[in-house]
Amino acid sequence: MLGKSTLYVVATPIGNLDDISLRALDILKTVDVVAVEHIQNSKYLLVTHGISVPLISLHQHNEVEVTNKILTLLAEGKNVALITDAGTPAISDPGAILVQQIRAKGYLVIPIPGANAAICALSAAGITNPHFFFYGFLPTKSMARQRELIKFKSQSYPAIFYEAPHRIIECVEDMIEVFGANRMLTLARELTKVFETIHVSSLVETLSWLKSDIYQQKGEFVLIVSGAEKTDKSQVSEQAHNTLKYLLAELPLKQAVKLAAVITGENKNTLYQLALRLKQPD
Ligand code: SAM
């Protein structure tokens, strides 16, 4: 049973058309209008599930204009659903402006959860860290991409990126440049589809695997870069680590930490914790 003048934000499949909830199907059958990203792309899903409802197209280039149309529909007491080509609307997809404006006017916005490529990939990656960052699409140019990636270099959390097939090789190359060859990468390709592949390996091995098989470069990709290892060295600079080690060999712990902090500019507490670990017998 629908309420009045509500926007339903409905997740749709990311490949396999069966990955849609009963509630989503029910909503899509009963709203007055469905806003879709591309009519042609959504028609197949809707027809497959026996849904015939008026559609309007809302994409990144007309979101503001169509938002006004949807506000008019809501003002007339209509219910509207929003779907995108795949997955959850407003997640690296249009929808956020629409939702913001509709909320601002005081209408109800109800999310209908379902598929999302990032979460789907993460759920099968075997990454035990309970935290993660979601970034979405990186910049398309190498320099700008590396500038963004550097922000994640020393993070201990895994970071999730979306990437297009024609940039997959250069993106992994940039990741090697920033994170080093041995950082682990989960590459999730064509999730829920016929050629679904989940490849977990070091960045450098993933690059040669991709290069050795052109078919692995096709389709849609989620990339999960594992977090930085919490080694003693990654918490402070290599220089600070070595300085502290030499000083500890000659001086009492407190004095070594104090001097190392002055020499290297590193945080005294971090150096103190590191000194305690360095002093521990192996
Ligand atoms: N809103 C969507 C979601 O909830 O995941 C994301 C839409 S974004 C425009 C499309 C990107 O998501 C693709 O370029 C790819 O990086 C990722 N993606 C979508 N479907 C995928 C799939 N089946 N397998 C792997 N990645 C996918």
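The first residue of the sequence shown is numbered 1, and numbering continues consecutively from there. Numbering of ligands and ligand atoms starts at 1, following listing order. Keep in mind it's a predicted model, so treat the numbers as computed, not measured.
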Please produce the table of protein N or O atoms sitting under 3.5 Å from N or O atoms belonging to ligand 1, one pair a line, distance to 0.1 Å.
from: ligand 1; atom 1: 1 (N); to: Ala86; atom 2: O; distance (Å): 3.3
from: ligand 1; atom 1: 1 (N); to: Thr88; atom 2: O; distance (Å): 2.9
from: ligand 1; atom 1: 1 (N); to: Ile91; atom 2: O; distance (Å): 2.8
from: ligand 1; atom 1: 1 (N); to: Asp93; atom 2: OD2; distance (Å): 2.8
from: ligand 1; atom 1: 4 (O); to: Thr88; atom 2: N; distance (Å): 2.9
from: ligand 1; atom 1: 4 (O); to: Asn116; atom 2: ND2; distance (Å): 2.8
from: ligand 1; atom 1: 5 (O); to: Asn116; atom 2: ND2; distance (Å): 3.2
from: ligand 1; atom 1: 5 (O); to: Ala117; atom 2: N; distance (Å): 2.8
from: ligand 1; atom 1: 5 (O); to: Tyr162; atom 2: OH; distance (Å): 2.7
from: ligand 1; atom 1: 16 (O); to: Glu163; atom 2: N; distance (Å): 3.4
from: ligand 1; atom 1: 16 (O); to: Phe221; atom 2: O; distance (Å): 2.6
from: ligand 1; atom 1: 20 (N); to: Glu220; atom 2: OE1; distance (Å): 3.4
from: ligand 1; atom 1: 23 (N); to: Ile14; atom 2: O; distance (Å): 2.9
from: ligand 1; atom 1: 23 (N); to: Leu191; atom 2: N; distance (Å): 3.3
from: ligand 1; atom 1: 23 (N); to: Leu191; atom 2: O; distance (Å): 2.9
from: ligand 1; atom 1: 24 (N); to: Leu191; atom 2: N; distance (Å): 2.8

| query | Which heavy-atom pair separates Ala125 from Ile224 by the least distance, and what is that distance? | reply | CB-CD1, 4.1 Å
| query | Is a side-chain donor-acceptor pair under 3.5 Å present for Asp174 with Ser142? | reply | yes
| Please, which pairs that meet salt bridge (Lys or Arg N to Asp or Glu O under 4.0 Å) have at least one residue in residues 158-173, sequence neighbours excluded? | Arg145-Glu170, Glu163-Arg167, Glu173-Lys211
| request: Check each of Val64, Leu71, Ile70 against Thr67 using the side chain to side chain contact (heavy atoms under 4.5 Å, CB included) test, and report the only one that passes. | output: Leu71
| message | Can you list everything that forms a salt bridge (Lys or Arg N to Asp or Glu O under 4.0 Å) with Glu148? Sequence neighbours excluded, please. | response | Lys151
| query | Please, which pairs that meet salt bridge (Lys or Arg N to Asp or Glu O under 4.0 Å) have at least one residue in residues 197-206, sequence neighbours excluded? | reply | none
